[in-house]
Structures are given as C-alpha cells and as structure tokens.
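Okay, so here's the structure we're looking at.
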Amino acid sequence: MNILKRLITPAVNELLEELNIDKNILDDLIEKPRDLTVCDLCIPCFALAKILKKNPVEIAKDISSSLKNKLIPEIFVITKNGYVNFNLDTKFIAKKLLDENYEFFQNSIKNDVLIEHTSANPNGPFHVGRARNAILGDALVRLNREFGNKVIAEYYVDDMGKQVGILAWALENLTEKDVDEILENEGIESLNPTWINKEDHIRVRWYQAANIIRKDDKKIELELSELIKKSEEGDESVLSKFNDSFKPILNGMLETLSKLGIKYDSFTTESKFIINGRVNSIMEELKKSKLYGKAENGANYLELAGKGVSGKSTKFFFQRGDGSSLYATRDLAYHEWKWTRASKLINILGEDHRLQSKQVSIALEELKIKKPEVLFYSFIKLPEGKMSTRRGNVVFMDDLIAEAENMAMKIINQRGHNIEDKRSLEISKAVASSAIRFNILKVSPEKGFTFKWEDAMSFDADSAPFIMYSHARSCSINKKVNELKFEEINIDYSKVEINKSAANLLRTLMRFEDSLEKSITENKPNHFCTFMLELATKYNSFYRDCIIIENQNVNVFHYKVSEYSRKLIYRGCNALGIIPLVSM
RNA sequence: GGGCGCAUAGUGUAGUGGAUAUCACGCUGGCCUUCUAAGCCGGCAACCGGGGUUCGAAUCCCCGUGUGCCCGCCA
C-alpha cells in the first residue's frame, strides 16, 4: 500500500534517528505482510532485536507507542508476535478513492521506454511458442502506459541473412508443385483450407521445402550463400527481393497478432545499420577492445572467458573471415540507436537467447553503451516435443484463436441467454483473445510449460473471462442505476457503514497501484494478473453482500464503490490486453 | 564436458529472508422466485533430497537428483 507507506515512512525514519539506528542498515523496515488480512503494512522487529539487544515483542510495543502520536489518527497501529502492524482506516481509503480523486502513480518517476518484442523472423505464421513473446511484450507495453510511461512498441525486422535468404531463394526457384511434393514426402501436412488466402501460411511452405532440399544439394547452398552475402553487404536489389519475399508473410503475422490486440508503433529493419555504416564503425571500435582477438582466417572476436562466459567456446564473433557482419553485431548498432529514442530499453527474448544477450551486453559495455533490461521467457512445448516452424511441428496461433472462438460461442449458446448473433460473435472473439492472452500471461515467464488444448481453452475461474464477468456485472449495475434516473449525493463518511466485503474490496482497489508498479519494475506481467484475479474475486464477494439497488432505491455508497471498481477493472483489463465487455 | 534457467497439494500455479504457504482445476458439503450462478460460502490436499548461513529459509549459499535451454565465422 504505497499511500500508507508514504504516510508512515517519515515517522519511522524519525524514530530510527531517535534510537540512533542507521536507516541504511535496515534495507526496508516497512514490509508488506504475507497475509493481507492481518494488516496493510508491518514492521517485523526481529532485526531490530539484535541491534537493540532487546526482545522483539517489547520493541514492537515501544515502537507502536512512540509512533502513535506521530501518525494521523486514521492509521491504526497494533502489535503482535514481535510485529508492528499498520492498518489504514477503511473510511479514509473510501474517501480518497471515491471522493478525492486520489491519483495512482503520482509520486513515481516516469520514463520513456522502448520495448522491443516479438521480432520473429518473417518466415511463417505465428505459432503458440513465438506468440508468448508478443503477448508478454504487448502486456509490458500496456502496463507501462497505464503506469504513465511513454512507450514505443517496436518490432525489429530481420530483412537479411540466412532465413529470409532461404525464403527468397525458394520463391524464385520452386513451383507450387515442387513444394507440395517435397513436403508430402517429409510427411508435413498440406495447407489448411481455412488459411488458403493467408500469405504467411502459404509462403512458409516454400521456406520449409527449401530447408529440406538444400541439405543435400551443394548447388543450392552455393546460390544461397551468394544471396545471403549480398544481403549482408547491403546490396539493394537483393534486399528489395528479400523484402518482396517476406513482406506478405510479415503482414499475415501482424494480422494474427492484431486478432490478439497486439500492435506496434515502429518497425526497424536490420539492414538499416549496414546501410548507414554503423555496423562497420562498430566493428572497428571493437577491434580496439582489450578482449579483441583474431582467428586464422581473419575473423574477429571478443574473448569473453574472463567475463563469466564458459562452455565449448567463449569467443564472441562479431565479424566473419570475409569481413561481413553477424546478427549480434547488427544488434549492437541497433541498441545504440534505440538509446537515442528512449531512456529505458526492454527486450523480450526467448531463453535460447540468454547467452547471446550476455555477449551483446559485454560488447555494449566495451563500446560504452548502456545495457538494456531483458525479459527472458521459457519455451512452450507441445506434448510431442519442441515446436519448430521448419519441421512443421506447431500449433498455429490462427488455429488456436479460431478454436477458442468456437468454444466461446458454444458456451454462450449453452448459457441460453438471448444474445443476438452479431453480439455473440463479438463476445466470443473478445473472450477467445482475452483468454488466450491471459492463460499465457498469468504464468511466470521463466517457467516453461507444455501446451495443452484443454488448458488454453479454460474459461473458468483463474482466467480472463472470470475478470471480464466481474466487469460485465458492474456494467449491468451501472445501466440499471442510470435507468432509475438516480441523483448523486454527497456521502457523510462518518456515518456510512462499511461491511467486510466492501472493506476488502476498497483495500484491494487501493493496491492496484502497488501491484502494477511492481509488475513493471520487475517486468513480470504475471504479478498483475494475480492481482486482477483477486480484484475480480473481491468484487464478486462485494456484489453478493452489498445490495446496490433495492426496491428502486440506490445505496449511494455501494454504488460509488461499484462504479470505482468498474472503472478500475476496465483499466486493469486494458493494461493486460483483456477486452472488458459491457455484457457477456 | 561446461554454463544458465526451472523444481511448491493428484494436476497447473503464486510467493526471492519474517506471523497460519496463494489461487485454480480435481474431490467434497452448502447457496439461484432477489442488481448476469462464466458467480458466492465451506472442507481435503504441497515447499525434490542432503548439508550450511541466519534470531528466522519455499526464498540465500554448497552438494546431489530431475528437467529445459545454450556453448555456430546461424538468426
């Protein structure tokens, strides 16, 4: 509870001074209790016991009695088991939120943030594994915006090098018949008729086919390396050919992401840094590093053995023997450029990039360029094993979305509400997209998980529809009250009675601030997911216990609490990419 | 061979030094003539093993086990 902490901190600091205790010894004395039903904040006195050589139970008593006259009367202080517990008066919270327009994050420092996410090679449709990146990244974008940061959501487009090269070669050299034959021989399924007009699904087959035949055809390999080399030298005609090859795929991928509400503010292509010359000058700068080394064929690297890198190879190559650059080198130039656009950088990367990212960070240090923050996530596996676009062992996002929409529609029909077709379609789309996002977001990013259809399709408690449902309920109340031509009156908080459910809800509403801030500080959207589930649960209990409309009369206080909740759930949904429906 | 993640009820998860370990599915007992039951209120059930640091460890350190990822002049 940030607001309470701000109210307590000066008094606690004053007290520490009186006791002659260095504030810095105790990293942070005021803590959030593990169990929020005990109190809002607490001070465990065990660490102090050692310094003061006194029983923690007594210290707690001393602290509480000397704090009491330093704090406003709305803060209740009690002691228990060697803890000093603080509780903020519920009426105080109610007044702050409902009448005084208390603004969240007003005392927090804001940033300009550039979040680079997804950046998947444009060689095929999104599968569930790749989508974890986009969903996490987009959630961080939204959470940062809700916090008040200015955010650029950026996609780094791989428009050169091997992967696009293979694609471009295939589109130029293989016919549809060739592709179908090659893939059939490998046992890769034919194109799903649903996506017969979607270019990412079509063109990926050329990419897959080329990957199969190039393995035992030296001529193809030769043509490919010629093509790739030219792209890496910035050859305009080759780059433009590459662009024509992947652009329709990228558009298909973006279409898929837009179904999940994911959008970008800018796209940066990798070739930019070859063309503008920064890659070359960076390679020259790296040669001045103390870590610099040269291989027999003239390739250049940094030796990272002394920098905490170990394994079969500790070398970080930044230039090939033929003088061309590598992906990671271009990444260095890219980071340099990103820093000109924001004061904080966040990259969303798969766990396979952990080493690479470390190497890039060390190289950036050598170049005296700041390091980005990185959110790593683990892969989503299939029960059959790893997902791979190349091998066709994937669950496509397009299929998952379609299935989820069907499932949602089925549930809507089962419930038998009279919702007209157009509206149920809208609801099913919103439910599907929100549920898919939430099911990925709620799990801690570093935890790998196995994709199971039944889990991905879960619309029960612990899912986005659960939160959406609470929002819809609050909207329904709002609608009913408005129909009553209700007039707002001022509330005398000294007289209002707040029951347990309403009090719990109000405390939870206040913690929106803490939870969201923690989530963006640690780059972990799952924290805020947990909070939103709790908020919805608390709203549901409130909804049951606190009647708002009774015999055409509106309980003004309860209505205000409901309205505040409605708006806050809406904001929270937006911050996670859940679509807050008015009815469902 | 080396490095880096991860390990919590039957299952999936939250929790990065503090009070009785979270939530959900599951199993189970209640609640719809009353503001949307996609809901609410109860019950059952867990910190991988072994050492260590600490007043205090699921959390930090070491050893082991299991599991994922990486160690390319690919991206």
Side-chain angles (χ1 to χ4, degrees), chain A residues 27 31 33-36 38-39 42 44-47 49-50 56 80-83 85 119-121 123 158 160-164 228 270 295 297-301 308-315 317-322 324-328 330-331 350-356 358 376 378-379 381 386 408 411-412 414-415 417 431 442-444 446-450 452 454-455 458-463 465-470 472-481 501 522 526-527 529-530 533-534 536-537 540-541 543-551 554 558-559 562 583-584:
Chain A
D27 189 22
E31 290 182 7
R34 197 172 177 179
D35 182 354
L36 289 163
V38 175
C39 59
C42 63
C45 298
F46 311 100
K50 206 174 179 186
K80 203 181 172 189
N81 308 332
Y83 285 82
N85 291 341
S119 303
N121 288 325
N123 54 12
D158 176 20
M160 54 187 294
K162 205 174 194 169
Q163 306 225 22
V164 206
I228 292 160
E270 216 176 307
N297 68 344
N300 296 305
Y301 61 84
V309 173
S310 50
K312 281 178 197 152
S313 167
T314 54
K315 294 180 173 53
F317 281 90
F318 60 88
Q319 190 169 29
R320 292 198 188 93
D322 67 2
S324 62
S325 66
L326 289 122
Y327 171 83
R330 290 166 232 144
D331 210 18
E351 58 176 339
D352 55 337
H353 280 66
R354 277 195 135 99
L355 174 62
Q356 165 101 198
K358 188 173 184 181
F376 292 105
S378 292
F379 290 130
K381 291 179 300 175
K386 203 176 161 179
I411 293 169
I412 292 167
Q414 273 170 10
R415 296 182 72 227
H417 284 241
V431 166
K442 72 179 178 192
V443 181
S444 192
E446 72 277 7
K447 263 173 195 158
F449 66 91
T450 305
K452 288 183 196 111
E454 43 171 323
D455 295 344
S458 160
F459 301 158
D460 294 335
D462 224 12
S463 76
F466 176 84
I467 299 165
M468 296 161 77
Y469 185 67
S470 298
R473 280 176 147 179
S474 68
C475 288
S476 169
I477 286 176
N478 169 272
K479 197 176 159 208
K480 284 220 158 75
V481 169
S501 303
E522 296 178 14
N526 62 304
H527 284 146
C529 289
T530 309
L533 286 171
E534 197 185 325
T537 305
N540 288 338
S541 303
Y543 177 89
R544 178 208 52 198
D545 292 336
C546 303
I547 305 294
I548 292 163
I549 306 162
E550 205 170 21
N551 306 324
V554 178
H558 287 165
Y559 180 57
S562 178
S583 69
M584 61 188 284

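Chain A is the first sequence line, chain B the second, and so forth, proteins listed ahead of strands; every chain is numbered from 1.
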Closest nucleotide among B:G3, B:G39, B:C6 to the A:K447 side chain | B:C6
Closest to the A:L326 side chain, choosing from B:G15, B:A75, B:A19 | B:A75
Winner on side-chain proximity to A:P465, out of B:A14, B:A38, B:C35, is B:A38
Closer than 4.0 Å, any side-chain N/O of A:Y327 to the OP1 or OP2 of B:A75?
-> no
Output for pair (A:K452 NZ, A:K381 NZ), nearest 0.5 Å, gives 9.0 Å
Can you tell me how far P in B:G51 sits from the matching atom in B:A58, rounded to whole Å?
-> 14 Å
Can you check whether A:D462 reaches A:L533 side chain to side chain, under 4.5 Å on heavy atoms?
-> yes
Looking for any heavy atom pair under 4.0 Å, which part of the strands does A:Y469 touch: base, sugar-phosphate only, or nothing?
-> base
Determine whether A:K447 and A:S378 make a side-chain contact, defined as any pair of heavy atoms from C-beta on separated by less than 4.5 Å.
-> no
Among B:U36, B:U13, B:A14, which is the nearest nucleotide to the side chain of A:T530?
-> B:A14
Does A:K50 have a side-chain nitrogen or oxygen under 4.0 Å from the phosphate oxygens OP1 or OP2 of B:C55?
-> yes
The side chain of A:R473 lies closest to which of these nucleotides: B:A38, B:C35, B:G39?
-> B:G39
Has A:S541 got a side-chain N or O lying under 4.0 Å from the OP1 or OP2 atom of B:C41?
-> yes
Is there a Watson-Crick or G-U wobble partner for B:C73 with both distances under 3.5 Å, and which nucleotide is it?
-> none
For A:G161, report the nucleic acid contact type (base, sugar-phosphate, nothing); a contact means any heavy atom under 4.0 Å.
-> nothing
Looking at OG of A:S583 and CE of A:M468, how far apart are the two atoms once the value is rounded to the nearest 0.5 Å?
-> 10.5 Å
Across the strands shown, which category fits A:A295 at heavy-atom distances under 4.0 angstrom: base, sugar-phosphate, nothing?
-> base
Distance test, side-chain N/O of A:S444 to OP1/OP2 of B:A14, below 4.0 Å = yes
Sequence neighbours left out, what passes salt bridge (Lys or Arg N to Asp or Glu O under 4.0 Å) with A:K358? Give chain and number order.
-> none
Distance check: side-chain N/O of A:S313 vs OP1/OP2 of B:C71, anything under 4.0 Å?
-> no
Do the non-hydrogen side-chain atoms of A:V443 and A:N526 ever get within less than 4.5 Å of each other?
-> no
B:G2 versus B:C48 - spacing of their C1' atoms, nearest Å | 24 Å
Pairwise C1' distance for B:A7 and B:U34, with rounding to whole Å | 49 Å
Set out, line by line, the N/O atom pairs under 3.5 Å between protein and nucleotides 57-61 of chain B.
none

Touch check for A:C529, heavy atoms < 4.0 angstrom, all strands: base, sugar-phosphate only, or nothing?
-> nothing
What pairs of nitrogen or oxygen atoms, one from the protein and one from nucleotides 23-29 of chain B, lie under 3.5 Å apart?
none

Are there any protein N/O atoms within less than 3.5 Å of an N/O atom in nucleotides 68-70 of chain B, and if so, which ones and at what distance?
| unit_1 | atom_1 | unit_2 | atom_2 | d |
| --- | --- | --- | --- | --- |
| B:G68 | O2' | A:E351 | OE2 | 3.2 |
| B:C69 | O2' | A:E351 | O | 3.4 |

Nearest-angstrom distance, P atom, B:U13 to B:U8 | 8 Å
Test for a donor-acceptor pair under 3.5 Å between the base of B:A14 and the side chain of A:N526, counting only N and O atoms.
-> no
With both distances under 3.5 angstrom, what nucleotide forms a Watson-Crick or G-U wobble pair with B:A24?
-> B:U11
Does the base of B:C73 carry an N or O that pairs as donor and acceptor with the side chain of A:N297 under 3.5 Å?
-> yes
Take A:D158 and A:Y327 through the test side chain to side chain contact (heavy atoms under 4.5 Å, CB included) and record every step on the way to the result.
-> CA-CA 9 Å; A:D158 176 20; A:Y327 171 83; 5.5 Å; no
Output for pair (A:F466 CZ, A:N540 CG), nearest 0.5 Å, gives 5.0 Å
Who pairs with A:E550 by salt bridge (Lys or Arg N to Asp or Glu O under 4.0 Å), at least two apart in sequence or on another chain?
-> none
Does any non-hydrogen side-chain atom of A:H558 lie less than 4.5 Å from one of A:I547?
-> no
If you check the A:C39 side chain, which of B:U13, B:A19, B:G72 turns out closest?
-> B:A19
Those residues that, when tested against A:D545, pass side chain to side chain donor-acceptor pair (under 3.5 Å) (two or more places apart) | A:S501
On a whole-Å scale, what distance lies between the C1' atoms belonging to B:C62 and B:G29?
-> 48 Å
Looking for any heavy atom pair under 4.0 Å, which part of the strands does A:K480 touch: base, sugar-phosphate only, or nothing?
-> sugar-phosphate
Selection from B:C55, B:C41, B:C73 that lies nearest to any side-chain heavy atom of A:F317 = B:C73
Under 4.0 Å: is that the gap between some side-chain N or O of A:R320 and OP1 or OP2 of B:G72?
-> no
